[in-house]
Amino acid sequence: MFRRFALGLGLSFGLTFSVIGLPLIRSAVAESKSPQTLCQASPEQRIEGIKPTLDSWLPAASRLLVNPEIGLSYLIQQIGNQAIIQSNISPWPTIHDQARLARVPVIMYHDVLPKKQVSFDVTIEAFTAHLQAIKENGLTPISLDQLVQHLRTGSALPEKPIVLTFDDGYLGHYEVVYSLLKKYNYPGAFSIYTDKIDGKIAGRSTLTWEQLREMAADPLVTIVSHSLSHPKDLTELSDFQLQQELIQSKKILEDQLRVPMRYFTYPEGKYDERVSAWVKVAGYEAAFTMENNVNRFSNESKSLLAIDRFGQGGIKRAVAEASGGLQLPPWGPGFDFRAPVSQHEIILGGIPLTLVSGGQPITVLADKRYFLEEILTKTEAVAAVDGGFFSLKHTTSNMIGPILSQNSGYFSPSNPFSPGNKSENPKIKDRPLILINPEGVKFVPFDPDRHNSLDGIGQELPGVTDAFVGAAFLVKHFQPQSRETFGNLYGFDAARHRAFWGIHRSGRPVIGVSAERIDSVTLGQLLAQAGFRDAVMVDSGASTSLAYRGKSLVKKYKPRKVPHMVALIEPKVAFHTDCKVAKY
């Protein structure tokens, strides 16, 4: 009976399997390649070795038909895991926690013309300069659809996203703005109140329906409802009037332009709960607001029904601070060491954090102290943060606690393990011992009696390739650590520059530093908010260092030299414990 049920259910999963299950099986097949073979191969052969073929996934797919009990369980588990990731959507209109890590400015413009007539106008020259600044500073304008999807699901965005919006339907939006957007290939959103287009409201220059239809047909353009008559304060209208302003304007725009009206812009930014309720009734998916002399990033908004915007005067701040945040998958079982290495800038609690995620984590122990980027450039690693603590009494790289670094190269390739000093070990009891192998990471409290030998740490994590003792747990099993957990650790409650590394809830390794001084407890709270599964503080203060692709990411001071680093290598060389990355 179960066999027939399993076969039927398995066949009914056909479409889901082709969309979700097939890539997962491909990944599983890639992982089944011999690590030793891949390690000995050239980089080109390594890349080719993980490319799946049609024949390679058929045996895995056949599990479902040959052994439905095992196959179906496997398939449901894998599809279930992927479904959790894919469906991680916050209840509408809530803004997703992951989106809160980004800083996406939505810039609001009104008329664009040769010479300003009122304060909120912008000249053609100034607007062109804004577009040029966006281009020169590496920002990527995104559409409203991309923004709303990001705010609702936490989906990834470009490194420096920005949104361009234009209110009221002036002729300059067609003659100037639309032409420039096409030139730069930038998307833009235009909020239209229909009485202006219909000629029922006299005033400044106005778009025509013909011009709007041309714009609406362009994928670069999103048309947004801005009410019928642009009342100064929607909160003062009756329910009947609100119904007309929100519902009738939507219908007119859709009838005239033949495109759906998914978004609404509050005239003069004024709304309350009753107005927002009518936005829901009208069927809008999101609404945009503004506040005079206040610039908030869209990620700081109350909800999707009140997305904040910058005034055009905030363009300098927008260009300087725009960030896509820590754009990682929201959840993943186990560990993900196959993602590409990438840099992220986020601000949490007013504290800027510089992070690098992805790749395979390793450690490197040098023969003496160097600036971190000096060690990094002599390895195949892409990024690194300073690692374990070292004794200031010695000029060599004498580390505190046991250390294992198979990729040291310059330390002792024939004997990569060095026990900790027996007189020092009791002083660091219960500090986090970090254990790494090619498949995962384990964080355990350091036990001087059990963990001061290679056999001892090997019993904790089979196949261990790297080990060292960190300063303290910042996040443990998704929970930020309390003051009590730091014990008598010197200076844990002081505001200092901090370095850290850990595993994100996506399963990817992340290294990073705080760009401002911060105490350990607060840092742990911020990292938990950023989605860390586990995080450990490493050598901090004057040693706080972070390097990426040969360059230091620490800007406000020059860190001191260090002998040890936690590094990330790109997936194409992260296959086996016998793969050495150091060039020394």
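Nearest heavy-atom pair across Val566 and Gly387 is CG2-CA, 4.1 Å. When every heavy atom of Val259 is checked against every heavy atom of Glu254, the shortest pair comes out as O-CG, 3.3 Å. Scanning both residues, Val112 and Val176, for their nearest heavy atoms gives CG1-CG1, 3.8 Å. A pairwise comparison of heavy atoms in Gly359 and Pro571 identifies CA-CD, 4.4 Å as the closest pair. Of all non-hydrogen atoms in Gly349 and Leu526, the two that sit nearest each other are N-CD2, 4.2 Å. The two residues Trp501 and Pro509 have their closest heavy-atom pair at CZ3-CB, 4.1 Å.
Within the 4.5 Å cutoff, side-chain heavy atoms of Leu181 are placed close to those of Leu164. You'll find the side chain of Phe190 stays beyond 4.5 Å of the side chain of Leu212, heavy atoms only. Looking only at side-chain heavy atoms (C-beta outward), Arg496 and Thr544 stay at 4.5 Å or farther from each other. Two residues are said to be in side-chain contact when any heavy atoms from C-beta on lie closer than 4.5 Å; Ser520 and Gln481 fail this criterion. Within the 4.5 Å cutoff, no side-chain heavy atoms of Met290 are placed close to those of Thr165. Two residues are said to be in side-chain contact when any heavy atoms from C-beta on lie closer than 4.5 Å; His497 and Val513 fail this criterion. For the pair Trp92 and Lys280, the minimum side-chain heavy-atom distance is below 4.5 Å. For the pair Glu291 and Arg296, the minimum side-chain heavy-atom distance is below 4.5 Å.
For the atom pair Ile346 CD1 and Arg100 CZ, the distance stands at 14.5 Å (nearest 0.5 Å). One finds the CG atom of Leu113 at 10.0 Å from the OH atom of Tyr170 (value rounded to the nearest 0.5 Å). Rounded to the nearest 0.5 angstrom, Thr289 OG1 and Leu305 CG are separated by 11.0 Å. To the nearest 0.5 Å, atoms CG (Leu157) and NE2 (His150) are separated by 4.5 Å. Atom-to-atom distance recorded for Leu348:CG and Thr522:OG1 is 12.0 Å, nearest 0.5 angstrom. For the atom pair Leu180 CG and Glu175 CD, the distance stands at 12.0 Å (nearest 0.5 Å).
Judged purely by distance below 3.5 Å, without hydrogens or angles, the side chains of Lys196 and Thr206 pair a donor atom with an acceptor atom. Looking at Asp168 and His226, their side chains do bring a donor and an acceptor atom within 3.5 Å of each other. With hydrogens and angles left out, the side-chain atoms of Ser249 and Ser225 include a donor and acceptor closer than 3.5 Å.
A salt bridge does not link Glu285 with Lys250: none of the charged nitrogens is closer than 4.0 Å to a carboxylate oxygen. A salt bridge links Asp239 with Arg274: the closest approach of a Lys/Arg side-chain nitrogen to an acidic carboxylate oxygen falls below 4.0 angstrom. The residues Glu236 and Lys270 are annotated as not salt-bridged, no charged nitrogen and carboxylate oxygen being separated by less than 4.0 angstrom.
For Lys116, the NZ atom is densely surrounded, since the number of other residues' heavy atoms within 6.0 Å is greater than 12. More than 12 non-hydrogen atoms from other residues, nucleotides or ligands lie less than 6.0 angstrom from CD of Gln241. In Phe240, the CZ atom is not crowded: 12 or fewer heavy atoms of neighbouring residues, nucleotides or ligands sit closer than 6.0 Å. The local environment of CZ in Arg517 is sparse, with at most 12 non-hydrogen atoms from other residues, nucleotides or ligands closer than 6.0 Å. Sparse packing is recorded around CG of Asn293, with 12 or fewer heavy atoms of other residues, nucleotides or ligands lying under 6.0 Å away.
Counting only distance, with no hydrogens or angles, the side chain of Arg498 and the backbone of Met537 share no donor-acceptor pair below 3.5 Å. In terms of modelled atom types and a separation under 3.5 Å, the side chain of Gln525 and the main chain of Pro480 share no donor-acceptor contact. Side-chain atoms of Ser301 come within 3.5 Å of backbone N or O of Asp308 as a donor-acceptor pair. Here the side chain of Asp386 pairs a donor or acceptor atom with the backbone of Ser545 at under 3.5 angstrom. Side-chain N or O atoms of Ser298 include none that pairs as donor or acceptor with a backbone N or O of Val106 at under 3.5 Å.
A side-chain contact (heavy atoms from CB on, under 4.5 Å) with Leu353 holds for exactly one of Val510, Leu101, Leu523; it is Leu523.
Because its NZ or CZ atom is both nearer than 6.0 Å to the ring centre of Phe371 and within 45° of the ring axis, Lys561 counts as a cation-pi partner of that residue. Geometrically, Lys135 does not engage Tyr186 in a cation-pi contact, judged by NZ or CZ lying under 6.0 Å from the ring centre and within 45° of the ring axis.
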Discussion item. One pair to check against side chain to side chain contact (heavy atoms under 4.5 Å, CB included): Val521 and Phe492. What are the steps and the verdict?
Written reply: CA-CA 8 Å; Val521 177; Phe492 80 90; 4.2 Å; yes
Practice prompt. Begin with the C-alpha distance, continue with both residues' side-chain angles, and end with the deciding distance and a verdict on side chain to side chain contact (heavy atoms under 4.5 Å, CB included) for Thr379 and Met565.
Written response: CA-CA 11 Å; Thr379 75; Met565 72 181 192; 4.1 Å; yes
Discussion item. Please evaluate residues Glu245 and Tyr193 with respect to the criterion side-chain hydrogen bond (donor to acceptor under 3.5 Å, both in side chains), reporting the C-alpha separation (whole Å), side-chain torsions for both, the decisive distance (0.1 Å), and the verdict.
Written reply: CA-CA 9 Å; Glu245 293 289 347; Tyr193 65 98; over 6 Å; no
Worksheet item: When you look at Glu345 and Arg103, which way does the salt bridge (Lys or Arg N to Asp or Glu O under 4.0 Å) test go after all the steps?
Response: CA-CA 10 Å; Glu345 303 285 343; Arg103 295 166 72 83; over 6 Å; no
Worksheet item: Passes side chain to side chain contact (heavy atoms under 4.5 Å, CB included), Ser357 versus His504? Steps please.
Response: CA-CA 9 Å; Ser357 70; His504 186 259; over 6 Å; no
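Using cut-offs of 30° and 60° on the angle between ring planes, the pair Phe166 and Tyr109 is parallel. Aromatic ring pairs are classed by plane angle as parallel below 30°, tilted from 30° to 60° and perpendicular above 60°; the pair Phe264 and Tyr284 is tilted.
Scanning for ring pair (Phe, Tyr, Trp, His ring centres under 6.0 Å) contacts around Tyr178 gives an empty result, with sequence neighbours left out.
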